[in-house]
Chemist: 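The structure's right below; bear with me while I get my questions together.
All chains are named by letter (A, B, ...) in the order of the sequence lines, taking the proteins before the strands, and each is independently numbered beginning at 1. Worth saying up front: this structure is predicted, and the values here are computed from it rather than measured. Computed over heavy atoms, backbone and side chain alike; hydrogens, waters and symmetry mates excluded.
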Amino acid sequence: MDMKAIEKKWQAKWEKDKLHVFDKKNIDNKYYVLEMFSYPSAAKLHVGHWYNYGPTDSFARYKKMKGCEIFQPMGFDAFGLPAENYAIKTGVHPEDSTVKNIETMENTLREMGAMFDWSAEIKTCMPDYYKWTQWLFLQLYKNNLAYRKEAPVNWCPDCQTVLANEQVVQGLCERCKSTVVQKDLTQWFFKITDYAEELLTCLDDLDWPEKTKAMQRNWIGKSVGGEITFKLDGFDETIKVFTTRADTVYGVSYVVLAPEHPLVKKITTKKQLQEVEKYIEETSKTKEIERLSLDREKTGVFTGAYCINPVNNQKVPVWISDYVLYSYGTGSVMGVPSHDERDFVFANKYNLPITRVIKGACGNDDLPFTGDGTLVNSVSYDGLTCEEARKAILSDLAKRDLGGFKVNYRLRDWLVSRQRYWGAPIPIIHCEHCGIVPVPEEDLPVKLPYNVEFKPDGKSPLAKCEEFMNVKCPKCGKPARRDPDTLDTFVCSSWYFLRYPDANNAKEAFDKEKINKMLPVDKYVGGAEHACMHLLYSRFITKALRDLGYLDFSEPFKSLVHQGVILGPDGNRMSKSRGNVISPDDYVKEFGSDVFRMYLMFGFSYTEGGPWNDGGIKSINKFLDRVEKIVLSTHSLKNGKYQEMQRNEKELNYARNYAIKSVDRDMDAFSFNTALARIMEYVSALYKYDALEVKNVQFMKECVKDLVLLLAPCAPHFAEELWSKIGGKKSVFNAEYPVCDESALVKDEVELAVQINSKVRAKILVPGDADNELIEKIALESDQVIKALDGKQVKKVIVIKGRLVNIIA
RNA sequence: GCGGAUAUGGCGGAACUGGCAGACGCGCAGGACUUAGAAUCCUGUGGGAAACCGUGCAGGUUCGAUUCCUGUUAUCCGCACCA
């Protein structure tokens with residue numbers, strides 16, 4: 001078959017017939033399939049795109065044939081650094097390169113033959129989209145979910161911008177791998193921490209990969225404990241510490257503040273001042289990556305101040321150390337060397353006292369002892385278990401207003417401003433008189449100006465664009481300045497799935513009624529790398545918009561699948577430097593897009609991925625040839641007189657219905673490799689029947705028709721062509737999916753294995769509907785069994801219907 | 001250190017709820033067709049001469065374990081001084 005020709009032909013026909021456009025009439029039967037949208041790069045589609053979009057499209061087509069009204073949109077996550085970096089390198093404006101790249105990608109995506117509904121296309125860099133991203137920002141701002149504050153933030157010196165916590169990977173910039181440094185800057189944050197608890201608990205009910213859920217749980221990092229207040233000796237100030245081990249409070253021998261803690265400046269004594277200042281300066285210079293290193297020696301400095309342990313009024317010294325993180329908990333901890341490994345090391349180094357307050361159950365509990373046990377040296381709490389003591393101590397402290405129960409989360413607020421050009425401008429105006437003034441909604445979008453010097457120098461490129469910056473304050477009318485920062489591209493992608501169902505709405509971001517019907521997304525498919533970024537942000541935005549009354553559901557993605565990664569033939573990740581990159585284009589040219597897609601579906605376990613293999617793709621090509629031959633040769637046969645359903649026909653009918661049942665189940669479960677395996681078996685069964693002298697041609701034609709239907713989702717153009725050749729009037733995708741006839745799966749005779757003492761010793765044939773009693777009788781009467789038993793007494797017989805018989809002797 | 005996963009023939013990978021391990025495909029071998037090759041079709045293909053042995057390793061539960069339990073090793077991924 002001339003694949004190239006039929007691909008073009010059917011793609012044009014499908015487009016003309018609007019086969020892939022969502023039909024609102026059937027909204028009650030909607031099924032929203034979503035692949036993560038892609039970044040418009042200059043290169044053609046890579047294997048990763050294909051592996052995400054191809055098999056998932058087959059899933060969508062399968063669902064369509066099963067009667068669902070499919071909504072499968074596609075778009076572009078078009079803002080972001082790569083276009084800007086490319087511009088800095090080459091001088092080509094990001095807008096120009098992005099628009100051009102989108103065009104090429106649209107074309108290659110069309111050539112894939114996926115049923116994307118292009119009428120709902122989204123490009124996040126277009127004003128008609130980012131207008132609503134800005135609107136989203138304003139809603140969050142007006143409801144105290146967006147705020148601006150000065151804080152130590154992650155700064156990438158290479159990208160010349162701040163980064164969210166999620167974008168710092170092991171101290172390095174997620175994008176360019178430069179070492180991230182800390183800087184004090186005033187930045188915009190989204191209050192995702194308000195939703196920490198809900199983001200955590202709702203995970204339980206999601207049909208998501210366990211791993212992804214675990215990563216989010218881990219990232220949110222809930223920690224249940226308490227807060228304890230230490231009054232400072234000689235100051236009218238207190239230090240609050242967060243601890244999960246309130247039971248060890250009698251073992252406190254010092255308290256440590258993070259070097260950045262504002263109290264440090266207030267409490268440091270004159271004598272210690274020089275040393276403390278030196279330490280603070282050193283730590284601020286220390287790169288994040290080094291500070292995080294576990295093997296790094298613990299260092300610290302005494303402030304000269306003391307505070308009072310609230311349980312025993314003991315005076316303990318206050319130290320500072322960079323092993324305490326300012327951004328977590330209260331930025332200060334109580335040091336209990338006897339029961340914490342870090343504190344133990346620290347206390348030994350600086351000669352601080354070590355007092356045991358927990359005794360383990362067994363004998364061997366050398367210090368530091370971090371396990372559970374019973375309290376000692378803790379006055380009235382002695383003898384309590386750790387858990388009892390935690391409750392007792394904290395509630396006693398609460399009564400004296402010196403502490404209480406407290407839950408902490410590791411999750412930080414989401415830093416959303418960026419000092420870069422190619423993003424959505426933050427719709428805020430700074431006025432000398434009125435302060436922070438949101439841009440009135442009717443003035444949206446705040447358009448990103450074209451003529452901007454975007455070479456990065458640590459300041460926002462927009463800040464240098466006077467015609468952009470200068471604006472009248474919407475409140476007082478006096479001259480004011482715009483916010484020069486742009487939004488993190490993850491803001492753009494945190495709500496795009498809400499825009500798709502109403503992509504062309506010029507009046508609002510989306511119609512509430514519409515998206516309440518269309519969402520949540522029924523099946524979301526994309527890479528696992530977004531676990532703690534896009535997937536978490538999207539959940540947060542959905543919940544926030546729900547609370548603001550814009551929608552009525554709590555989770556955006558009901559069911560999530562991560563495709564695996566296709567590696568180079570050498571088993572390594574594909575990369576230009578390794579020279580192991582597979583170009584889909586070359587294979588699509590040689591074999592056609594259906595063959596390429598099918599190989600991706602057949603050669604790998606979808607969620608696992610694996611190394612590319614050339615041999616596999618040829619075998620798919622061969623397989624489709626086999627299908628074409630049997631389908632067309634059967635179609636050209638004339639119906640004969642023989643119309644019986646005898647043994648051979650029953651066998652073929654069994655194969656047919658077994659295939660229908662298995663393929664149906666496997667496609668639904670994204671188990672594409674086994675689905676195709678069953679179709680291959682079915683084709684072999686057809687060849688076997690075809691070789692017979694006497695055939696029921698009419699029946700065989702029915703069987704062949706089902707073959708084309710089963711194959712259609714996986715080889716759309718190919719199947720559509722065959723379908724039309726065997727007389728299909730409308731599109732094969734509007735045809736009804738075959739239904740399994742269970743009665744055809746009941747065989748007249750079934751072969752069972754007979755085990756004697758759990759080893760297979762014989763095979764028996766039993767009627768398909770035989771009950772256990774009959775099966776046992778046949779087994780025990782079998783010659784092979786009698787021989788194998790060799791006169792031994794039968795003690796017990798276990799019959800597993802349809803499987804085997806085990807005789808214990 | 002914490003969390004999650006994975007481990008099955010020469011290779012990619014199957015195995016539903018504990019029930020004949022290795023589906024399907026690649027590769028390989030043999031055969032058919034052909035003047036010959038390619039293509040195609042058919043047959044065989046875990047190891048072992050056999051008894052038997054085989055799902056990373058060591059135990060356990062069970063009539064029966066790739067599957068459940070305990071321990072352990074290796075690899076991959078994520079987080080990591082989170083108090």
Chemist: Could you please name the option among B:A83, B:C63, B:C79 that lies closest to any side-chain atom of A:Y328?
Modeler: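 That would be B:A83.
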
Chemist: Taking only the side-chain heavy atoms of A:R761 (C-beta and beyond), determine which of B:C81, B:G19, B:C52 contains the nearest atom.
Modeler: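 Of the options given, the side chain of A:R761 lies nearest B:C52.
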
Chemist: Picking from B:C26, B:G3, B:A83, which would you name as closest to the side chain of A:K622?
Modeler: B:C26

Chemist: Using purine N1 to pyrimidine N3 plus N6-O4 or O6-N4 for Watson-Crick, or N1-O2 and O6-N3 for G-U wobble, each under 3.5 Å, what pairs with B:U6?
Modeler: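 Across any shown strand, B:U6 pairs with B:A74.
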
Chemist: Could you check which nucleotide pairs with B:A49 in any of the strands shown, counting Watson-Crick or G-U wobble with both distances under 3.5 Å?
Modeler: none

Chemist: Work out how far the C1' atom of B:G71 is from that of B:A23, and round it to whole angstrom.
Modeler: 33 Å

Chemist: Assess, by modelled atom type and distance only, whether the side chains of A:R412 and A:T193 contain a donor and an acceptor separated by less than 3.5 Å.
Modeler: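 Side-chain D/A pair, A:R412 to A:T193: absent.
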
Chemist: Scan A:R217 against the nucleic acid and name what it touches under 4.0 Å (heavy atoms): base, sugar-phosphate only, or nothing.
Modeler: nothing

Chemist: Between B:A51 and B:U45, how many Å separate the two P atoms, rounded to a whole number?
Modeler: 16 Å

Chemist: The side chain of A:L804 lies closest to which of these nucleotides: B:G3, B:C77, B:G19?
Modeler: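 Of the options given, the side chain of A:L804 lies nearest B:G19.
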
Chemist: Take atom P in B:A15 and the same atom in B:G56, then report the distance between them in whole Å.
Modeler: 16 Å

Chemist: Is A:R678 side chain donor-acceptor paired with the B:A23 base, going by distance under 3.5 Å alone?
Modeler: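 When only heavy-atom distances are counted, A:R678 does reach the base of B:A23 through a donor-acceptor pair under 3.5 Å.
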
Chemist: Provide, to the nearest angstrom, the distance between the CZ atom belonging to A:F602 and the C1' atom belonging to B:C26.
Modeler: 9 Å

Chemist: If I pick the C1' atom on B:G19 and the same atom on B:G64, what distance separates them, to the nearest angstrom?
Modeler: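 My reading of the C1' atoms in B:G64 and B:G19 gives 7 Å.
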
Chemist: Do A:F596 and A:W612 have their ring centres less than 6.0 Å from each other?
Modeler: yes

Chemist: When rounded to the nearest Å, what value does the distance between C1' atoms of B:A14 and B:C63 take?
Modeler: 26 Å

Chemist: Would you mind classifying the nucleic acid contact of A:N673 as base, sugar-phosphate or nothing, using non-hydrogen atoms under 4.0 angstrom?
Modeler: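 A:N673: backbone/sugar contact only, no base atoms under 4.0 Å.
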
Chemist: Could you check whether A:G609 gets within reach of a base, just the sugar-phosphate, or nothing at all, counting any heavy atom under 4.0 Å?
Modeler: sugar-phosphate

Chemist: Students often get this wrong, so: under 4.0 angstrom with heavy atoms, is A:K759 touching a base, only sugar-phosphate, or nothing?
Modeler: sugar-phosphate

Chemist: Can you measure A:R412 atom CZ to B:A80 atom P for me and round it to whole angstrom units?
Modeler: 9 Å

Chemist: Considering only B:A14, B:G3, B:C24, which nucleotide approaches the side chain of A:A214 most closely?
Modeler: B:G3

Chemist: In whole angstrom, give me the gap between the P atoms of B:U62 and B:C69.
Modeler: 16 Å

Chemist: Answer with base, sugar-phosphate or nothing: what part of the nucleic acid does A:I808 contact at a heavy-atom distance below 4.0 Å?
Modeler: sugar-phosphate

Chemist: Can we call the ring centroids of A:Y682 and A:Y658 under 6.0 Å apart?
Modeler: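 When the ring centroids of A:Y682 and A:Y658 are compared, they turn out to be at least 6.0 Å apart.
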
Chemist: Of the listed nucleotides (B:A23, B:G64, B:C2), which one gets closest to any side-chain atom of A:N218?
Modeler: B:C2

Chemist: Give a yes or no on whether the ring-centroid distance for A:F604 and A:Y599 is below 6.0 angstrom.
Modeler: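 Ring-ring flag for A:F604/A:Y599: true, centres closer than 6.0 Å.
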
Chemist: Please pick, from B:A83, B:G78, B:G4, the nucleotide with the shortest atom-to-atom distance to any side-chain atom of A:T243.
Modeler: B:A83

Chemist: So A:G603, base contact, sugar-phosphate only, or nothing? Heavy-atom distance under 4.0 Å.
Modeler: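 Since only primed, P, OP1 and OP2 atoms lie under 4.0 Å of A:G603, the category is sugar-phosphate.
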
Chemist: When both hydrogen-bonding distances must be under 3.5 Å and the geometry is Watson-Crick or G-U wobble, what is B:G18 paired with, if anything?
Modeler: none

Chemist: Closest nucleotide of RNA chain B for A:D625 versus for A:G329: which of these residues is on the 5' side?
Modeler: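 Looking at the nearest nucleotide for each, A:D625 comes out on the 5' side.
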
Chemist: Distance check needed: B:C24 P versus A:D666 CG, whole Å only.
Modeler: 14 Å

Chemist: What nucleotide among B:C26, B:U40, B:G78 has an atom nearest to a side-chain atom of A:S619?
Modeler: B:C26

Chemist: Just by distance, with hydrogens left out, do A:Y323 and A:T299 show a side-chain donor and acceptor under 3.5 Å apart?
Modeler: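 Absent: no donor and acceptor within the cut-off.
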
Chemist: Out of B:A23, B:G19, B:C2, which nucleotide sits closest to the side chain of A:I798?
Modeler: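 That would be B:G19.
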
Chemist: What's A:E608 touching, base or sugar-phosphate or nothing? Going by heavy atoms closer than 4.0 Å.
Modeler: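 Nothing, no nucleic acid heavy atom in range.
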
Chemist: Using the P atom in both, what is the distance from B:U66 to B:A7, to the nearest Å?
Modeler: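 These two P atoms come out 14 Å apart once rounded.
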
Chemist: Using the C1' atoms only, state how far B:G1 lies from B:A65, rounded to an integer number of Å.
Modeler: 33 Å

Chemist: For A:E341, answer base if it contacts any base atom (sugar-phosphate contacts may also be present), sugar-phosphate if it contacts only those atoms, and nothing otherwise; contact means non-hydrogen atoms under 4.0 Å.
Modeler: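 The residue A:E341 makes no contact with any strand.
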
Chemist: Does a side-chain N or O from A:T674 land closer than 4.0 Å to OP1 or OP2 of B:A23, or not?
Modeler: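 For A:T674, the contact criterion (side-chain N or O under 4.0 Å from OP1 or OP2 of B:A23) is not met.
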
Chemist: Pairing check on B:G30: which nucleotide meets the Watson-Crick or G-U wobble criteria with it, both distances under 3.5 Å?
Modeler: B:C42

Chemist: So, A:F346 versus A:W319, ring centres under 6.0 angstrom or not?
Modeler: yes

Chemist: Is A:E681 touching bases, backbone alone, or none of the nucleic acid, heavy atoms closer than 4.0 Å?
Modeler: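 Counting heavy atoms under 4.0 Å across all strands, the contact made by A:E681 is with sugar-phosphate only.
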
